[in-house]
Each structure stands twice: as structure tokens, then as C-alpha cells.
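Inspection log for the structure reproduced underneath, given as C-alpha cells.
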Amino acid sequence: MMSAVNYTKFNSAVFLLTGIPGKEDVHLWIAIPFCLMYVISIVGNSVILFIVKTDPSLHEPMYIFLSMLAITDLALLISTMPTTLGIFLFNTWEISLDACFAQMFFIQSLSFTESSVLLLMAFDRFVAICNPLRYISILTLPRIGKMGLVFVLRGVSLTFPLPFLLKRFRYCRSNVLSHCYCLHQDVLMMACANIRVNYVYDVFLSVTVVGLDSLFIFLSYALILKTVLKVTSHVKCLRALNTCVSHLCAVFLFYTPRIGLGLIHGYWKSSPPLLNLFLGYISLFVPPLMNPIVYSVKSRHLSSRIIRVFIK
């Protein structure tokens, strides 16, 4: 089942996805926590969207950005669900190249979009704390919509060339991928051709999207910390920082596993396969699961609305 295709041409080749090596006999049991994660994540993010849409008091920049994050997380879940549950529930390992490239495009572009949304949320916290008197005038609804659209187009346009760059290659090496979904770096290692252009473009994407976004997020919090430390009241200082906790958790959950995964694919080829697999699962499944929980716990306004909906 998991034997590799040694030499194939593009239009007849398939890739084999990976579940958890050595645990194929208990994949049906492993499917249970994955199904639970999908259900909790989909319900959690859908509830966030419903509450924000139906409650006019939540039509504020912070909650609109949270809605953008929830939409992106839902889209990421939908893009990975078919192959993940196909492996663990139905032992469906094969994926065609076209389907693999399509999944890779959605995962990559949505990941870039989520990185952009986290940057916008950092900007929201920066304006709210450092320039509160102009908060409403700066973050107007039309401006928020335009910023969101620009960043979505950025993610889509930068990812759009990747499938076409990959379609140029023949894949004659082991066709067993490292994850239960398709990643650009993973597919690239299967090509028996000069991959320098793809490699350089991948580095360019990492620097211009993830690198710049994380840098601006860091600078936003540096300015926030500088402003907060000038406040003489410790209570007000802690209250201001407390509004950033949820976002910092989301940033940590998003960037940490992805940076680790990028380092493994780029520089640590001899890393333990289970570490690569573990980081891959965390990077795509944990943020959509935890973001609604963290924001619901930390935001009393949001949590009270959620409790009111379920009590009714």
C-alpha cells in the first residue's frame, strides 16, 4: 500500500500521504480525536462568527478581525479535512498531483492570509493602546474591509505561481509525502529536476510574508510595551496588557510550529520523522481549535454573549 512509485510522468503520477507510521492498525481509533478536533473547531469558529454577526455591540474592529481569523481557520479546516479523514477513516492514501497541488495552494494561501490577519490584529491592539482617541477614526469599517481584501489578494497572488512551477517537473523519487496533506516543501523534495527556482521563490515567500508579518507584529508590541510602561498606574498597565493576551496566544500558536516545520524542511533533513509529523499536525489543527477557546475565555463581553445564546 505504501510502496513508492519509482518513475512516473506527471499526468499519471500519484502521491501517497502519511498518517502515523507504524500505527496503521489503530488508525480508526486515532480518527476519533481528529474528528473531535474538527467538530470542536468548526463549532467554535462558527459560534464566534454567529455571535459577532448578530450582536451589534460586537461590530467593533477587534471582533471584526476575530471574525476574519475564524473564517480563515474554517477554510483551513475544510481544505485539510478530506485527506486527513480519508486516511484515518477509510485508508485512502493516494492523491493525484492536481488534487495535491490544489490542496497545497489553498493551505499556503490561507496560511499567508491568517498571518496577515494576525498582523492586522496586532495593529488593532497598537492603535487601541497607543492612540486610543483616534481608534474609531483610524479603524473604520470601510478601511478594515479594504485592508482585509488587500491581504487576501496578497496571499492568493503570491501562492498562485506555485502549482504551475511544480507542474514543470517529473516526479521520479519516492512519492510518499510526510504529512496527511500536501505542503510545497514536501512535494518539492519528490521532484527529480533542478528545483532552485522553486526553492528561491519559497524562501522569498517566507521572508516577504511570514518574516515581514512577524517583524511588524514584534514592532507593534515593542511600541505597545513602551507606551504601557509610561503609565504610572500598575492596574491600568496590567489591564492594557491583558487585552493583548489572546492575540499573543494566537500568534504563538500560529508561528511557532510553522517556523519549526520550515527549519526542518530547509536545514534539518535528518530530523526524527515523528517530530516533522507532530509539528505538521500542530501547525494546521491546533490554532483553529484553540483560537475560539482562548478568545472566548479572555473576552468577558464575548463569553457572556455566547453563554446567553446557549442558555436561550
Side-chain angles (χ1 to χ4, degrees), residues 41-78 106 109-159 209 212-221 223-224 227-228 239-251 254 287-288 291-309:
S41 301
I42 290 172
V43 170
N45 286 287
S46 299
V47 167
I48 294 288
L49 289 173
F50 175 77
I51 295 296
V52 174
K53 178 177 174 56
T54 57
D55 192 334
S57 66
L58 296 179
H59 293 175
E60 300 176 1
M62 181 177 72
Y63 296 106
I64 293 173
F65 289 133
L66 180 58
S67 298
M68 292 180 182
L69 186 66
I71 292 172
T72 308
D73 282 339
L74 283 172
L76 272 171
L77 289 170
I78 293 170
F106 283 112
S109 59
L110 288 168
S111 296
F112 289 164
T113 302
E114 181 151 351
S115 176
S116 302
V117 172
L118 290 173
L119 174 59
L120 290 175
M121 296 175 86
F123 179 67
D124 168 78
R125 291 299 84 207
F126 165 74
V127 176
I129 294 173
C130 299
N131 202 350
L133 297 179
R134 297 189 59 200
Y135 180 71
I136 299 300
S137 62
I138 292 176
L139 291 175
T140 61
L141 292 181
R143 187 168 293 166
I144 290 172
K146 290 176 183 177
M147 289 190 296
L149 179 61
V150 166
F151 280 124
V152 168
L153 292 176
R154 182 187 72 158
V156 171
S157 60
L158 288 176
T159 310
V209 179
L212 285 179
D213 287 355
S214 57
L215 174 62
F216 286 129
I217 290 173
F218 174 79
L219 292 175
S220 297
Y221 275 101
L223 293 172
I224 288 172
T227 302
V228 167
R239 190 179 299 165
L241 290 176
N242 190 52
T243 64
C244 302
V245 171
S246 301
H247 179 253
L248 286 173
C249 289
V251 169
F254 178 81
N291 286 338
I293 297 174
V294 171
Y295 273 94
S296 298
V297 170
K298 292 301 297 180
S299 173
R300 292 182 181 178
H301 197 181
L302 184 61
S303 59
S304 64
R305 296 298 186 278
I306 294 174
I307 292 171
R308 188 182 302 173
V309 167

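Each residue takes its place number in the sequence, starting with 1. All values below were derived from every heavy atom in this structure, side-chain atoms included, with hydrogens, water molecules and symmetry-related copies excluded.
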If you define the side chain from C-beta out and look only at heavy atoms, does anything of [X] sit under 4.5 Å from [Y]?
{"X": "Ser296", "Y": "Ile48", "answer": "yes"}
{"X": "Phe151", "Y": "Leu119", "answer": "yes"}
{"X": "Met68", "Y": "Ile144", "answer": "yes"}
{"X": "Phe123", "Y": "Val127", "answer": "yes"}

Indicate the atoms forming the closest heavy-atom contact of [X] with [Y], along with that distance.
{"X": "Met121", "Y": "Tyr295", "value": "CE-OH, 2.9 Å"}
{"X": "Leu49", "Y": "Ser67", "value": "CD2-O, 3.4 Å"}
{"X": "Pro61", "Y": "Leu139", "value": "CG-O, 3.5 Å"}
{"X": "Ser41", "Y": "Leu74", "value": "O-CD2, 4.4 Å"}
{"X": "Pro292", "Y": "Pro287", "value": "CD-O, 4.3 Å"}
{"X": "Phe112", "Y": "Thr159", "value": "CD1-OG1, 3.5 Å"}

Approximate separation, where rounding is to 0.5 Å, of [X] [atom1] and [Y] [atom2]:
{"X": "Asn131", "Y": "Leu223", "atom1": "CG", "atom2": "CG", "answer": "12.0 Å"}
{"X": "Thr113", "Y": "Leu76", "atom1": "OG1", "atom2": "CG", "answer": "8.5 Å"}
{"X": "Ser116", "Y": "Leu110", "atom1": "OG", "atom2": "CG", "answer": "11.0 Å"}
{"X": "Ser111", "Y": "Phe254", "atom1": "OG", "atom2": "CZ", "answer": "5.5 Å"}
{"X": "Leu141", "Y": "Ile64", "atom1": "CG", "atom2": "CD1", "answer": "4.5 Å"}

Problem set entry | Counterpart residues, ring pair (Phe, Tyr, Trp, His ring centres under 6.0 Å), relative to Tyr221 (two or more places apart) |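 Here the qualifying residues are His247.
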Problem set entry | Test salt bridge (charged side-chain N to carboxylate O under 4.0 Å, His left out) applied to Arg125 - qualifying residues, sequence neighbours left out |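 For Arg125, no residue satisfies salt bridge (charged side-chain N to carboxylate O under 4.0 Å, His left out) once neighbours in sequence are set aside.
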Problem set entry | side-chain contact (heavy atoms from CB on, under 4.5 Å) assessment of Leu66 paired with Leu302 | CA-CA 11 Å; Leu66 180 58; Leu302 184 61; 3.8 Å; yes
Residue pairs, two or more places apart or on separate chains, that pass salt bridge (charged side-chain N to carboxylate O under 4.0 Å, His left out) and touch [range]:
{"range": "residues 52-63", "result": "Asp55-Arg305"}
{"range": "residues 68-77", "result": "none"}
{"range": "residues 126-155", "result": "Arg154-Asp213"}

Exercise. Quick check: does any side chain N or O of Asn45 sit under 3.5 Å from a backbone N or O of Pro288, one acting as donor and the other as acceptor?
Worked result: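 Pair found, side chain donor or acceptor close to backbone of Pro288.
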Problem set entry | Side-chain donor/acceptor of Asp124 to backbone N/O of Leu120, under 3.5 Å |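 Judged by distance alone, no pair lies under 3.5 Å.
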For this session: Would you indicate whether Phe106, at its atom CZ, is surrounded by more than 12 heavy atoms from other residues, nucleotides or ligands within a distance under 6.0 Å?
Result: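 Not buried by this count: 12 neighbours or fewer within 6.0 Å.
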For this session: Return the set of residues passing side-chain contact (heavy atoms from CB on, under 4.5 Å) with Val297 (not counting sequence neighbours), or none when no residue passes.
Result: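 Result, side-chain contact (heavy atoms from CB on, under 4.5 Å) vs Val297: Ile293.
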For this session: Please assess Val245 against Asn242 for the test side-chain contact (heavy atoms from CB on, under 4.5 Å), listing each intermediate value before the final yes or no.
Result: CA-CA 5 Å; Val245 171; Asn242 190 52; 4.0 Å; yes
